[in-house]
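For ligands, and for the atoms within them, numbers begin at 1 and follow the listed sequence. Worth saying up front: this structure is predicted, and the values here are computed from it rather than measured.
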Amino acid sequence: MTTRLSTWLAGAAVLACVAILLADYGLATWRAPRDDRLILTLQQQVKSDAALAAKLAAEQKRVTATRRARKSRDNAVAWLLIASAAAFLTLAKQLVKSAQPKIVGQAHWPARGSQPRSLVRQAFSTPPPIDLTFIDELVANHGPSKENAIVFLQAIQNHYRYLPDEAIRRLSELTGITPAQLAGTSSFYGQFRRTPTGKHTVRVCHGTACHVAGARQITDELRRYLAIPDGDDTDAARMFTIGEVACLGCCSLAPVLIVDGHTAGRLTPSSASAALAHVEETETV
Ligand code: FES
């Protein structure tokens, strides 16, 4: 709020300085020829009437004093204009920066999205074995009651980020809830996933502004870059899961995506895939 007020004050000072300088310039342009004519007339009259010499001297003194005063005032106003313009630009920059959502990066991402990721990396895609001690502890804590089915499923989803088959089987063994019942419950609620998610979640905005600005091309390029097959949403290395969302509320940055909660805007297909490469590089540093 303070920055906003200071910006307004600096902007008002700039306008005031410009107005004073313009007014002074206009006034001087209007008065100068009149003063010059008056002095010239008096100089000629003094030749025939010496009594006018005092009046001539007084007029010359007035004109000189007026011009000096205007010059020193204009100098001061010009310095004030420079200072207030610099302050205005600095404050306005801060204001714009603070008004924008946090951006992972835009132009500084290297445009390296043209090549799909190395297949070598994808060779490490074999999922690690599921540690089922979490299921044992979960059932021990809540008791093997069939009424806790949704609580169990939610806890498993939160822990593994999806519902692994092995976890469902162990839960079934410990609670007596059949795998078919668990599958029926989990498929009824949209919050449950039966396939693994990537380590990083990418949400591409497909709201109207982003759609018009090329969201479809962004999604297509990311899927191509990560070699995600049709019908799937996660790459083979389980690094990224891609989804589409409605308007994220920062349409001026369209097209926009969010990686792990960080917003990136004004994307091109290459800068979007470079954003994911940036996430991977950051992780491996
Ligand atoms: S439409 Fe994408 S942020 Fe609004």
Side-chain angles (χ1 to χ4, degrees), residues 1-8 11 88-117 154 157-158 161-162 189-283 285:
M1 190 61 196
T2 311
T3 308
R4 187 181 293 272
L5 183 63
S6 304
T7 308
W8 278 108
F88 176 77
L89 289 175
T90 306
L91 290 165
K93 205 170 162 187
Q94 280 178 14
L95 204 60
V96 169
K97 207 170 169 183
S98 65
Q100 286 183 346
K102 188 177 180 187
I103 297 175
V104 172
Q106 293 171 16
H108 63 274
W109 277 329
R112 46 164 281 189
S114 57
Q115 294 299 318
R117 289 188 319 176
Q154 282 173 330
Q157 166 94 19
N158 288 342
R161 290 181 290 154
Y162 77 109
Y189 297 99
Q191 61 179 299
F192 297 118
R193 281 180 65 100
R194 295 305 303 267
T195 51
T197 56
K199 190 170 179 186
H200 304 281
T201 303
V202 183
R203 297 276 178 257
V204 181
C205 178
H206 279 251
T208 304
C210 288
H211 177 75
V212 171
R216 176 50 52 201
Q217 289 94 309
I218 300 295
T219 297
D220 290 348
E221 168 59 18
L222 292 182
R223 293 182 66 85
R224 187 196 70 81
Y225 174 68
L226 296 171
I228 297 176
D230 288 346
D232 208 343
D233 62 0
T234 302
D235 65 329
R238 296 209 175 86
M239 280 290 285
F240 295 99
T241 293
I242 292 189
E244 299 179 8
V245 288
C247 180
L248 292 168
C250 46
C251 309
S252 61
L253 298 176
V256 174
L257 64 73
I258 285 186
V259 190
D260 298 338
H262 297 290
T263 306
R266 300 195 184 100
L267 296 166
T268 62
S270 63
S271 71
S273 51
L276 302 197
H278 177 76
V279 171
E280 287 180 292
E281 281 163 11
T282 306
E283 192 166 82
V285 168

query = Do Leu248 and Thr263 have side chains that get closer than 4.5 Å, going by heavy atoms?
reply = no
inquiry  = Keeping Thr234 on the side-chain end and Thr241 on the backbone end, is there a donor-acceptor pair under 3.5 Å?
reply    = no
ask   = When you look at NE2 of His211, are more than 12 heavy atoms from neighbouring residues, nucleotides or ligands closer to it than 6.0 Å?
value = no
task = Answer yes or no: is there an ion pair linking Arg216 with Glu244, defined by an N-O contact shorter than 4.0 Å?
result = yes
request  = Evaluate the criterion side chain to side chain contact (heavy atoms under 4.5 Å, CB included) for residue pair Cys205 and Leu257; output intermediate values, then yes/no.
outcome  = CA-CA 6 Å; Cys205 178; Leu257 64 73; over 6 Å; no
Under 2.8 Å from atom 2 (Fe) of ligand 1 - protein N/O/S, by chain and number = Cys205 SG, Cys210 SG
inquiry  = Go through it in stages, so that I can follow the logic: the residues are Gln157 and Arg193, the test is side chain to side chain contact (heavy atoms under 4.5 Å, CB included), and I'd like the CA-CA distance, side-chain angles, deciding distance and then a yes or no.
reply    = CA-CA 7 Å; Gln157 166 94 19; Arg193 281 180 65 100; 4.2 Å; yes
